[in-house]
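Working notes, beginning with the structure itself.
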Protein chains: 2
Amino acid sequence: MSENNIKTLLNSHNLKATWQRVEIFKVLQNSNECLSADQIYQKLSSNNINIDLATVYRVLDLFAEKGIAQKSIINRKCFFELKKIDHCHYFVCIKCHQKSNIVDCKINLIEEELSKKNFKVLSHNLEVYGICNKCYGGDKR
Amino acid sequence: MSENNIKTLLNSHNLKATWQRVEIFKVLQNSNECLSADQIYQKLSSNNINIDLATVYRVLDLFAEKGIAQKSIINRKCFFELKKIDHCHYFVCIKCHQKSNIVDCKINLIEEELSKKNFKVLSHNLEVYGICNKCYGGDKR
DNA sequence: GTTCCTGCAAAGAGTTTGCACGAAA
DNA sequence: TTTCGTGCAAACTCTTTGCAGGAAC
């Protein structure tokens with residue numbers, strides 16, 4: 001997405017298109033994994049783009065609120081990525097800390113159960129921890 | 001469970017049966033909901049039982065590790081309860097903050113998906129946020 | 001010209017850790 | 001009598017907040 005398109009997107013969500021927001025959006029756009037506020041801050045810094053960490057936090061929360069980004073919480077820490085058509089969750093290896101997508105979290109089944117009680121689901125978070133195939137050694141290499 | 005039974009239980013997990021651990025176990029045993037470390041600390045204090053908060057944290061983590069307690073993370077905060085036959089998760093109302101059990105989290109279906117990749121699931125956490133029937137006003141009272 | 005946003009600095013919540021003393025087995 | 005657990009204090013991580021100056025619309 002080009003810089004102008006990003007600005008248009010931000011405006012369409014009633015957000016002012018500051019250069020800080022554009023830069024943070026670009027980082028998310030160029031990443032193929034979810035990132036913590038600090039990771040984003042580091043990536044920007046290493047490109048000599050200095051945005052206060054507090055601003056990074058504020059922008060990310062805003063993105064999540066507006067539905068531009070998806071927020072995941074892993075080990076009591078927040079991670080962000082651009083929202084795709086389908087949201088996803090992560091399987092995290094407790095040895096190598098690599099994350100792997102969980103495509104279908106079955107939340108619709110849980111929503112069904114809750115709707116019987118007239119509970120309206122707005123958001124959810126799922127973390128699954130375990131050992132990946134590489135660390136398990138189950139690949140018999 | 002009597003005090004002696006609690007001590008036996010602790011010993012059977014290779015844990016020394018200190019009075020602090022017994023008291024923390026009792027609090028968990030007498031609660032019908034999951035509790036944060038601080039809530040447990042407060043309950044003890046109000047009974048003139050003074051256990052350092054750091055100890056409460058250490059004991060709870062130990063209980064979770066040994067499978068005596070279940071640890072849930074809600075809003076980046078840890079909650080503990082004695083482990084039942086079936087574990088459970090919580091639906092948390094974002095208005096009144098009441099927690100309601102989610103009996104079946106469908107984790108077995110997710111485990112199935114992951115086992116195809118040779119990933120071994122060890123633990124997981126699920127939080128669902130939304131509006132409960134009372135706060136939603138959908139009960140037409 | 002407002003309104004909204006940012007940087008700075010400071011504080012906040014929740015949790016963890018090192019160490020010396022003290023209690024359980 | 002050795003091993004393990006606790007209290008105390010301090011530190012730590014991640015995140016949030018108040019405020020005054022500055023940029024977007």
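Only a predicted model underlies this, so the values are computations on that prediction, with no experimental measurement involved. Here is the naming used below: chain letters follow the sequence lines, and residue numbers restart at 1 for every chain.
- In this structure, a donor-acceptor pair under 3.5 Å is absent between the side chains of B:His124 and A:His89.
- Atoms CG (A:Asp52) and C1' (D:dA20) sit 14 Å apart, rounded to a whole Å.
- For DNA chain C, the span of nucleotides reached by chain B at under 4.0 Å from its heavy atoms goes, 5' to 3', from C:dG14 to C:dA25.
- Residue B:Gln20 places at least one side-chain N or O under 4.0 Å from the OP1 or OP2 atom of D:dG7.
- Placement of B:Tyr57 and B:Phe79 in two distinct hydrophobic clusters is found when ILVMFWY residues are connected by side-chain heavy-atom separations under 4.5 Å, directly or transitively.
- For the helix from C:dG1-D:dC25 to C:dA25-D:dT1, the axis fitted to the five pairs at one end and the axis fitted to the five pairs at the other end meet at an angle of 40° (nearest 10 degrees).
- Of the N and O atoms on the side chains of A:Ser31 and A:Gln29, not one donor lies less than 3.5 Å from an acceptor on the other residue.
- Put simply, A:Tyr57 has a side-chain N or O that comes within less than 4.0 Å of OP1 or OP2 on D:dT15.
- Taking a 6.0 Å sphere around NZ of B:Lys26, one finds it holds more than 12 heavy atoms contributed by other residues, nucleotides or ligands.
- Taking side-chain N and O atoms only, A:Lys77 has a distance below 4.0 Å to OP1 or OP2 of D:dC14.
- No contact: B:Asn14 has no heavy atom under 4.0 Å from any strand.
- Contact check, B:Arg21 against D:dG5: a side-chain N or O comes under 4.0 Å of OP1 or OP2.
- In the displayed structure, B:Lys43 atom NZ is contacted under 6.0 Å by at most 12 heavy atoms of other residues, nucleotides or ligands.
- Remark: the B:Ser100 side chain and the B:Gln98 side chain contain no N/O donor-acceptor pair separated by less than 3.5 Å.
- Rounded to an integer number of Å, the gap from A:Leu10 CG to D:dC25 C1' is 14 Å.
- Electrostatic pairing of A:Asp61 and A:Lys71 counts as a salt bridge here, judged by a charged N lying under 4.0 Å from a carboxylate O.
- When the C1' atom of D:dT15 is taken as reference, atom OH of A:Tyr41 falls 15 Å away, rounded to whole Å.
- OP1 or OP2 of D:dG5 has not a single side-chain nitrogen or oxygen of B:Thr55 nearer than 4.0 Å.
- Note: the hydrophobic cluster containing B:Phe80 also contains B:Ile6 (ILVMFWY, side chain heavy atoms under 4.5 Å, direct or indirect links).
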